[in-house]
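Here's the structure we're looking at; comments come further down.
Atoms within each ligand, like the ligands themselves, are counted from 1 in listed order.
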Amino acid sequence: MKSLLIVCDGMGDRLTNGKTPLEAAKTPNMDYLAKEGICGIMDTVGTGVRPGSDTSHLSLFGYNPFEVYTGRGPFEARGAGVELKKGDVAFRANFASLRNGMIVDRRAGRDEEGLEDLSKELQGMEFDGVKVLFKRCKGHRAVLVLRGKDLSCAVSETDPEEVGVVPNKSKPLDKDPKSVRTALVLNKFTEKAREILDKSSVNKKRIAKGKLPANLVLARGCGMEPNIQSFEERYGVKAACVSATSLIMGVCKSLGMDVIEVPEANGHVDSNIGKKADAAIKALDKYDFVFLHIKGTDEASHDGNFAAKTAMLERVDKEVIGPILNRVDLKNTTIVLTADHSTPLRLKQHSADPVPLCIFGDVRTDDVSKYSERTCAKGGLLRICGRNLMGIILDLGGKSKLFGA
Ligand code: ZN
Ligand code: ZN
């Protein structure tokens with residue numbers, strides 16, 4: 001038995017004019033899954049807990065985020081292709097613009113000119129025996145990794161997340177000498193980077209063209225590379241991930257999953273999700289467990305765009321679920337369709353509302369015949385916690401261990 005877990009990011013919602021986007025969208029293939037499968041709702045991290053996408057995915061994969069999660073940084077770093085070592089401390093970073101000591105733009109005007117060259121100028125720094133790795137990601141984003149002995153992620157961020165203020169100095173958040181040392185190194189890097197960037201000819205050119213300089217690196221989302229048992233060690237199954245979102249790819253890499261990149265996919269509402277479905281279907285030949293992540297649903301939710309979210313759900317139905325139903329060996333595959341959290345359009349942010357869940361395979365079916373939040377709530381799975389999902393998937397796949405005699 002194989003397993004395919006499909007997660008539409010932020011799919012769950014509340015009512016807009018009496019309907020959720022899932023209720024308003026035409027989704028015959030999802031409804032088929034619901035009719036032939038068993039449904040329920042799920043608190044991905046815990047009842048009343050408002051999850052991030054990283055913590056919710058850890059939980060869906062059966063890990064306790066309250067134990068293993070320290071921050072977003074390491075997952076972003078891994079997603080960006082930085083290989084981390086135990087004890088590394090990682091941050092998300094931004095190129096920003098500083099004028100007269102004040103932050104005038106946290107994203108350097110979202111202008112990418114010369115950022116690749118500026119990144120090169122920031123390589124190879126070391127302070128107090130701590131190596132600094134800096135890697136540019138898409139747009140103005142980057143990741144910053146501190147590598148050395150005795151580091152800690154109990155330090156404050158240098159990014160004040162507002163403009164018109166001076167950048168924060170990182171401070172230790174506890175009395176541990178490791179935190180003191182980490183904050184010191186981060187501040188030294190920030191100072192040195194500012195000096196280098198200010199002098200760079202790239203910024204002189206940007207300013208001459210009337211653009212904002214990219215003369216500051218702001219760091220946030222500190223986390224320490226978690227000491228996590230790999231997915232394969234834990235469950236004895238080989239797993240692959242299909243996602244175009246660096247954070248989620250990073251979570252999967254931290255769990256030792258193989259990440260299959262689909263160059264045509266971009267993680268937005270206009271992503272080529274059909275190609276992702278193709279990749280996931282193909283991966284089922286080689287892997288026991290395939291995880292397919294679709295981001296566009298969350299993007300439309302953060303924009304508060306009902307039409308875009310509904311349209312995205314219809315695209316998922318037609319371009320992802322349809323081909324999967326047609327081409328996957330349904331007799332030998334458990335298919336799970338769910339979300340990592342709700343992102344209600346009205347809130348434009350994640351909420352603790354439970355998400356719809358459907359499991360299709362060798363299951364006891366129920367009376368649910370439409371895939372939505374409210375119909376799934378009437379299903380045979382009732383309301384479960386995200387951390388229990390893997391147990392159910394493994395059991396249906398014949399890969400669970402007997403507890404007791
Ligand atoms: Zn999410
Ligand atoms: Zn989101």
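- The distance from the Zn ion (ligand 2) to the nearest N/O/S atom of His341 is not under 2.8 Å.
- Aromatic ring orientation, Tyr63 versus Tyr235: perpendicular (interplanar angle above 60°, classes split at 30° and 60°).
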Next on the checklist: Walk me through whether Asp395 and Ser400 qualify under side chain to side chain donor-acceptor pair (under 3.5 Å).
Outcome noted: CA-CA 5 Å; Asp395 189 49; Ser400 59; 2.7 Å; yes

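- Annotation for Arg346: atom CZ does not count as buried by contact number, only 12 or fewer foreign heavy atoms lying within 6.0 Å.
- Vertex the Zn ion (ligand 1); arms to Asp9 atom OD1 and Ser53 atom OG; angle 120° (nearest 10°).
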Checklist entry - Step by step, would you call His57 with Phe291 a ring-ring contact (aromatic ring centres under 6.0 Å, His included)? => result CA-CA 10 Å; His57 276 85; Phe291 160 62; 5.3 Å; yes

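- Residue Asp340 approaches the Zn ion (ligand 1) most closely through its N/O/S atom OD2.
- The Zn ion (ligand 2) lies closest to atom OD2 when only the N/O/S atoms of Asp298 are considered.
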